[in-house]
Amino acid sequence: MMDGAVGTLVSELRRSRKYRDTCDGVLDRTAEWALERHKSPKDALKAAKRKLHQVHGLFFDSVDFARIERGLDCMPGPDSEAMREFCGSVLDSHISTRERQAHLADFYREVFARTGYPASLLDLGCGLNPFALPWMNLPSGTSYRAIDANLRLASALNRFFEAAGFPALATAADILANVPKDPVEVALCLKLLPALEQQESGFGQRLVSELDARFIVVSFPTRSVGGRNVGMDRHYAHYMGNLLEPSRLHSEPFTIGNELVYILAK
Ligand SMILES: C[S@@+](CC[C@H](N)C(=O)[O-])C[C@H]1O[C@@H](n2cnc3c(N)ncnc32)[C@H](O)[C@@H]1O
């Protein structure tokens, strides 16, 4: 049962515009984490908001869900140029996908050249990445499951999948509380591990060992959010060196645009 102080803090967080659509699991866990560190409810609220911003809120500040939902109301038919245009404009509104956009087709061509086109794909901490579907060239029967922490995002993605005629499912859930256990051919963890490590140190390693995926695609940004080159590629290469048993590396890491990509095999 949820402790009274945790419940009160979660209600406060949910009252804020920024976190009203964040899933329960992420809010409960962050509230508990903050209350373990701060006696004063005011300080705990501040700490919880700071943490949520770093790992989740920051990425959605620039996303205009109302605009995406209006676009979905009249989404053009699957495979049309207009649908690609709509998806491109959505991808442009989230820092991570905006950075990948110039290289999107190359990105998925390079990844699937190494893993093969998957019959099942899991997109963890997906953000807006499922809107890259028109550039992925997945076979039409591919089972695609997307997970992130935001309920409004999950609902928009499910509407998008339906309009695109693609058999996919998006859910809002806390990955730290529940690592998906279903077997899958390819799991995408794109620019995700740094955010998970900020919530629980060492979680990247746990995720990689617990996922039942034939291939895990792990990527990292090589530039800061402001676009600066601050040695992030070296930093994440070192991180992966510590995390990985070398036998799990399926191919040499490669860089596309501002993204460093590792493909791990089971
Ligand atoms: C840097 S963004 C990457 C988004 C996407 N994978 C991409 O590369 O375009 C990290 C994403 O992880 C999500 N996230 C962070 N912690 C999470 C958690 N505990 N459970 C579910 N999603 C989480 C955030 O909401 C955010 O959308």
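First listed ligand is number 1; within each ligand, the first listed atom is number 1.
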- Query: Where on L192 is there a heavy atom closer than 4.0 Å to ligand 1, on the side chain, on the backbone, on both, or on neither?
  - Reply: side chain

- Message: Using a 3.5 Å distance criterion without hydrogens, assess whether the side chain of S120 forms a donor-acceptor pair with backbone atoms of E185.
- Response: yes

- Backbone N or O of T22 within a donor-acceptor pair of the R14 side chain at under 3.5 Å? yes

- Message: Heavy atom to atom 16 (N) of ligand 1, shortest distance: which of Q54, Q198, Q101, Q199 holds it?
- Response: Q199

- Task: Of the side chain and backbone of V55, name the one, both, or neither that has a heavy atom under 4.0 Å from an atom of ligand 1.
- Result: backbone

- With R100, the side-chain contact (heavy atoms from CB on, under 4.5 Å) member among D106, L190, I256: L190

- Query: Has E162 got more than 12 heavy atoms of other residues, nucleotides or ligands less than 6.0 Å from its CD?
  - Reply: no

- Message: On a heavy-atom basis, I'd like to know which of S219, C126, P130, S96 is closest to atom 5 (C) of ligand 1.
- Response: C126

- Query: For ligand 1, is P221 a contact, meaning one of its heavy atoms is under 4.0 Å away?
  - Reply: no

- Query: L190 heavy atoms, cut-off 4.0 Å: which ligand 1 atoms fall inside?
  - Reply: 3 (C), 5 (C), 6 (N), 7 (C), 8 (O)

- Item | Heavy-atom neighbours of K39 NZ exceed 12 at 6.0 Å | no

- Side chain, backbone, both or neither: which part of R29 has a heavy atom under 4.0 Å from ligand 1? side chain

- Query: Quick one: which ligand 1 atoms are inside 4.0 Å of a heavy atom on A173?
  - Reply: 20 (N), 21 (C)

